[in-house]
Amino acid sequence: METKNKLIIRALNGEKLSTPPVWMMRQAGRYLPEYKATRSLAGDFLSLCYNPELATEVTLQPIRKYGFDAAILFADILLIPQALGAKLWFVTGEGPRLSTITDQNDFDLLGDIENIDQVLSPIYETVRKLSSVLPDETTLIGFAGAPWTVATYMIAGRGTPNQKPALDLIKTNPEVFDLLINKITHATVHYLSKQIDAGAEVVKIFDSWAGSLKGELFERYCIEPSKIISDELRKIHPNIKIIGFPRGATNNGYLNYAQSTAVDCVAIDSSVDTQWAANELQKVTCVQGNLDQKLLVSGGQTLINETKRIVKALSNGPHIFNLGHGITPDADPSNVTKMIEAIRN
Ligand code: CP3
């Protein structure tokens with residue numbers, strides 16, 4: 001099928017569809033027994049990310065099982081820091097650890113953007129493989145972390161509840177902070193552009209920690225870098241579709257982001273009032289979201305009612321059904337089937 005006729009792309013082009021297309025953040029993941037099996041074949045999570053054959057397999061698993069309208073490349077937002085020379089490892093049950101960047105000296109140790117493909121080329125190979133084997137109607141989504149979110153991990157060396165180490169660096173060493181944001185921004189343009197060359201039809205920019213940036217900082221470190229990335233990508237790939245996810249932005253933050261970055265779609269978290277999104281945000285852009293991912297754990301009639309409420313609330317404009325954040329490892333796979341039935345029937 002031509003890209004422009006795929007349901008996700010039609011929604012991204014602003015079309016209102018009678019049934020919204022659907023996919024889920026973290027749809028390839030630990031709630032699926034088949035994912036866990038393939039991951040143990042690979043050895044560990046990072047080996048899985050850099051193994052094109054197995055990464056293709058885990059990307060396809062949720063497509064085979066549920067028939068989602070989009071497949072998202074299996075990789076991680078922390079591969080860019082690793083490709084820039086940061087040390088990266090995952091501690092089971094805890095999450096990522098990285099070497100930290102706290103001063104000019106640490107920054108100077110990072111490698112050149114021109115060299116990131118030495119590490120990232122297996123990821124482009126996965127995209128190429130996916131692009132040749134995906135079902136005809138399925139859209140292929142590539143992704144990267146937004147510069148602020150990636151920087152929070154690079155500065156602290158791990159996930160942090162309130163992003164304090166990164167917020168502190170803005171105050172104590174703004175020069176180094178700006179150098180880091182710029183470097184990640186331009187590495188991300190390169191990385192996403194290569195994913196598009198390899199066959200990604202849409203790219204998503206994950207700003208998972210956008211909510212910790214307030215006021216002017218939100219403009220400067222969430223909106224501005226995402227705008228640079230989308231402007232630069234469109235210079236190289238004029239038809240590329242871009243989804244932005246400034247998670248945790250307040251209503252006005254989401255609206256400002258949509259207007260200022262001119263991405264094709266804004267993904268919203270579950271705390272956003274869906275009716276507000278229908279009245280305000282959907283006038284400006286396609287909206288993606290925003291079922292509470294916890295409902296895929298608890299299931300029952302609430303899952304069905306909430307799914308239907310969101311479909312209805314956003315039915316007067318372009319909508320891609322998704323969760324407010326990634327599906328969690330304790331979700332029941334059969335609840336995903338029930339959610340999809342509630343959307344499509
Ligand atoms: O969505 C998908 O299915 C595609 C693959 C994908 C992963 N991570 C795989 C993954 C995507 C799009 C991401 C994005 C990502 N990674 C984000 C942004 C989105 C979000 O969730 O806010 C962030 C912040 C990361 C960084 C990251 N990766 C963390 C903090 C963790 C540890 C927490 C956790 O869930 O375990 C990861 C690990 C990770 N990334 C896993 C997967 C499937 C689990 C690893 C495992 O198999 O043990």
Side-chain angles (χ1 to χ4, degrees), residues 8 11 20-36 39 45 58-59 61-63 65-77 93-96 141 143 145-146 149 159 161 204-212 243-251 253-254 265-278 281 286-314 319-344:
I8 297 262
V22 52
W23 67 282
M24 294 189 315
M25 283 184 263
R26 291 281 175 98
Q27 62 190 19
R30 287 163 296 180
Y31 72 106
L32 288 179
E34 51 270 51
Y35 167 82
K36 286 189 256 186
R39 191 183 68 165
F45 171 64
V58 292
T59 305
Q61 284 167 352
I63 309 303
K65 188 163 186 145
Y66 301 114
F68 285 118
D69 294 289
I72 181 158
L73 163 70
F74 188 83
D76 198 80
I77 66 162
E94 291 188 29
I141 304 179
F143 75 93
T149 289
K204 178 164 175 184
I205 305 168
F206 284 92
D207 217 344
S208 304
W209 297 120
S212 58
I243 304 174
F245 182 36
R247 188 172 77 95
T250 55
N251 288 5
Y254 277 112
C265 176
V266 172
I268 55 175
D269 65 83
S270 315
S271 74
V272 179
D273 174 26
T274 317
Q275 203 51 57
W276 172 85
L281 197 56
C286 174
V287 171
Q288 178 177 284
N290 71 339
L291 183 78
D292 187 339
Q293 61 281 356
K294 287 194 213 84
L295 293 172
L296 293 172
V297 181
S298 50
Q301 195 56 41
T302 316
L303 168 65
I304 307 302
N305 294 348
E306 273 297 288
T307 300
K308 287 185 186 289
R309 178 189 67 74
I310 290 166
V311 169
K312 184 152 184 279
L314 292 166
H319 175 215
I320 298 170
F321 194 95
N322 206 309
L323 311 177
H325 200 192
I327 184 169
T328 52
D330 55 347
D332 179 345
S334 72
N335 283 334
V336 177
T337 309
K338 289 175 193 151
M339 174 193 81
I340 293 183
E341 278 170 8
I343 298 166
R344 291 186 174 158

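As the structure is a computational prediction, the values presented were derived from the model and not from experiment.
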Check your understanding: What do the steps show when you test K65 against L32 for side chain to side chain contact (heavy atoms under 4.5 Å, CB included), and what is the final call?
Key -> CA-CA 10 Å; K65 188 163 186 145; L32 288 179; 3.8 Å; yes
**Study point:** Test side chain to side chain contact (heavy atoms under 4.5 Å, CB included) applied to F68 and V336, step by step
**Key:** CA-CA 10 Å; F68 285 118; V336 177; 3.8 Å; yes
Quick one: pull up [atom1] in [X] and [atom2] in [Y] and give me the separation to the nearest 0.5 Å.
X	Y	atom1	atom2	answer
Q293	D269	CD	CG	9.0 Å
T274	L291	OG1	CG	9.0 Å
H319	I343	NE2	CD1	8.0 Å
I243	Q288	CD1	CD	4.5 Å
T149	F245	OG1	CZ	9.5 Å
L314	I320	CG	CD1	11.5 Å

Closest non-hydrogen atom pair between [X] and [Y], with its separation:
X	Y	value
T59	L73	OG1-C, 4.1 Å
T307	M339	CG2-O, 3.7 Å
Y66	P333	OH-O, 2.9 Å
E34	Q61	O-NE2, 3.2 Å
F143	D76	CZ-N, 3.7 Å
N335	S298	ND2-C, 4.3 Å

Point to revise | Salt-bridge contact D332-K338 (side-chain N to carboxylate O under 4.0 Å) | key: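 Salt bridge flag = no for K338 with D332.
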Point to revise | Close side-chain approach of Q27 to I63, heavy-atom, < 4.5 Å | key: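 Yes; the side chains approach each other to less than 4.5 Å.
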Check your understanding: Does N251 reach the main-chain N or O of W276 with its side chain, forming a donor-acceptor pair under 3.5 Å?
Key ->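 Not confirmed, N251 side chain does not pair with W276 backbone.
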Point to revise | D69 side chain vs V22 backbone, donor-acceptor pair below 3.5 Å | key: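 Yes, because the side chain of D69 sits within donor-acceptor range (under 3.5 Å) of the backbone of V22.
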Check your understanding: Is the count of non-hydrogen atoms from other residues, nucleotides or ligands lying under 6.0 Å from K312 atom NZ greater than 12?
Key ->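 Incorrect, the count does not exceed 12.
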Practice item. Would you sort out whether Y31 and T328 count as a side chain to side chain contact (heavy atoms under 4.5 Å, CB included), showing the intermediate values? Key: CA-CA 7 Å; Y31 72 106; T328 52; over 6 Å; no
